[in-house]
Number of protein chains: 2
Amino acid sequence: MKGYGWSDAPMVSPGDPEEGGLPRWESIAVEAVGHVIEFWGFKHNQGRVWALLYLRATAMSATQLEDALGLSKGGVSMLVRDLERWGVVHRVRQPGAGAWHYASETDLVRMVTRVIEERELAFLSRIRAELTEARRVASSAPGVARDRLARLERMNSLAQAAERALRVFLRTARLDVRSMLATFRDPGAALRARGSAPLSVPQQKS
Amino acid sequence: MKGYGWSDAPMVSPGDPEEGGLPRWESIAVEAVGHVIEFWGFKHNQGRVWALLYLRATAMSATQLEDALGLSKGGVSMLVRDLERWGVVHRVRQPGAGAWHYASETDLVRMVTRVIEERELAFLSRIRAELTEARRVASSAPGVARDRLARLERMNSLAQAAERALRVFLRTARLDVRSMLATFRDPGAALRARGSAPLSVPQQKS
DNA sequence: CGCCAAGTTCACGTAGTCTTGAACGCGGTG
DNA sequence: CACCGCGTTCAAGACTACGTGAACTTGGCG
């Protein structure tokens, strides 16, 4: 797999280029989102771009994004294109300027769950199909011991379980998110909601 | 992220080396598990090794694994070592032979959920910590507009939601799996249990 | 009509991960 | 004691994904 903050080095390296002059707090947040998004199977920079656009409520031009995040022209182009395709960023004409400006939508999470839904679920179903196929082939082949077949069968139900679990996950995630979107759209709600569900984090290593 | 059966090419390439002579059904199943396991953040070949050991109820030597799966000597060594460390494979002395033989445990799934739990959950918590930090820095810095802060706050609750969702996922996955382990341990149960899973299940070792 | 800036596309370089294969250590056997 | 097979380790290679930057296209405006 990919990066995953495995190491114990800080995720935002303390002495790095300082993000082309982004205020430190923005830089931290942007980077954090970058990591989350990468975690869910997207590109780090897609997350960074979205996060920056989201944090500044205002739309930004490609050039601004370039030197705010230290990306190349081509890079920004491809990144915003992807984000646009997923509907989490849209381009607008800014009154004064000739160039396009990009603005974030709030439904990053929707994108994540939807894409995961499509991608991962399809993936798992496919696996299950393969296992079924294997079982078919095996049972119609001569000389395959019975307990071997049984094991295949059990593997199959394992895949089924995984798929079921993922499905549940997506459903609950969507619920969580839906209740959160309200928060997202209603400024101030976030502050009000602070108390609920503190969810302390049990830390355990092996 | 990684491979993810994105493309529409068949997952088991039709004309490939035929896995050093594995029967086709075994090859399909082994490959399927390989993909699943990779999906969860492990190596493809770790899944293949485990799957083969599991499908053959019998223990196999390193050499057997090598040419059954087309791996190198060093590769097998490292793979089984990892699997051993995770407790999903263990080595045994075979009566007749001098070399080690490897056998599979049934709790592959347990391993997956546990590792995910430790790894991913820690990851998400960390993100949340970072966002909190960003908020701290931002609020103690001069001239940060109020709505910017609010947006940060909302991001934070987004991360919280993700974490909560993951937690739920792991919990349900574990339930599903637990009910399945019975199936795994009890040959023949797979056939009986086809409909819905039995719920009372003996919990065992860690 | 042609210019210039913005945007897009693509071959290449780079970084990171996984696998290989050779060198080494170990233990048993003739 | 030397040999030989098995297991381990590690540096080098293969492979893949990502970002870059230059060439190219597009669109607005004089």
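In what follows, chains are A, B, ... by sequence order, proteins preceding strands, each numbered from 1.
- No donor-acceptor pair closer than 3.5 Å links the side chain of W25(B) to the backbone N or O of E133(A).
- Rounded to an integer number of Å, the gap from NZ of K73(B) to P of dC10(D) is 15 Å.
- Atom CG in D67(B) sits roughly 16 Å away from atom C1' in dG21(C) (whole-Å rounding).
- Here the side chain of M78(B) is nearest to one of dC10(D), dA6(C), dT8(C), namely dC10(D).
- Between the CH2 atom of W100(A) and the P atom of dG7(C) there is a distance of 9 Å, rounded to whole Å.
- Residue Q46(A) holds its CD atom at 6.0 Å from CG of L79(A), rounded to the nearest 0.5 Å.
- When only modelled atom types and interatomic distance are considered, H35(A) and E130(B) share no side-chain donor-acceptor pair under 3.5 Å.
- Phosphate contact (OP1/OP2 of dA6(C), side-chain N/O of R91(A), threshold under 4.0 Å): absent.
- Checking the phosphate oxygens (OP1, OP2) of dT19(C), a side-chain nitrogen or oxygen of N45(B) falls inside 4.0 Å.
- One atom, CD of Q46(B), and another, P of dT19(C), lie 8 Å apart when rounded to the nearest Å.
- The S72(B) side chain lies nearest to dG21(C) when the options are dG7(D), dG21(C), dC10(D).
- Computed from coordinates, the R93(B) CZ to dC6(D) P distance equals 12 Å when rounded to whole Å.
- Judged by distance alone, with hydrogens and angles left aside, the side-chain atoms of R151(A) form a donor-acceptor pair with the main-chain N or O of Y54(B) at under 3.5 Å.
- In this entry the distance linking NE2 of H44(B) with C1' of dC15(D) reads 15 Å, nearest Å.
- To the nearest angstrom, P of dT19(C) lies 12 Å from CG of L69(B).
- Atom pair K43(B):NZ and dT20(C):P shows a separation of 11 Å (rounding to whole Å applied).
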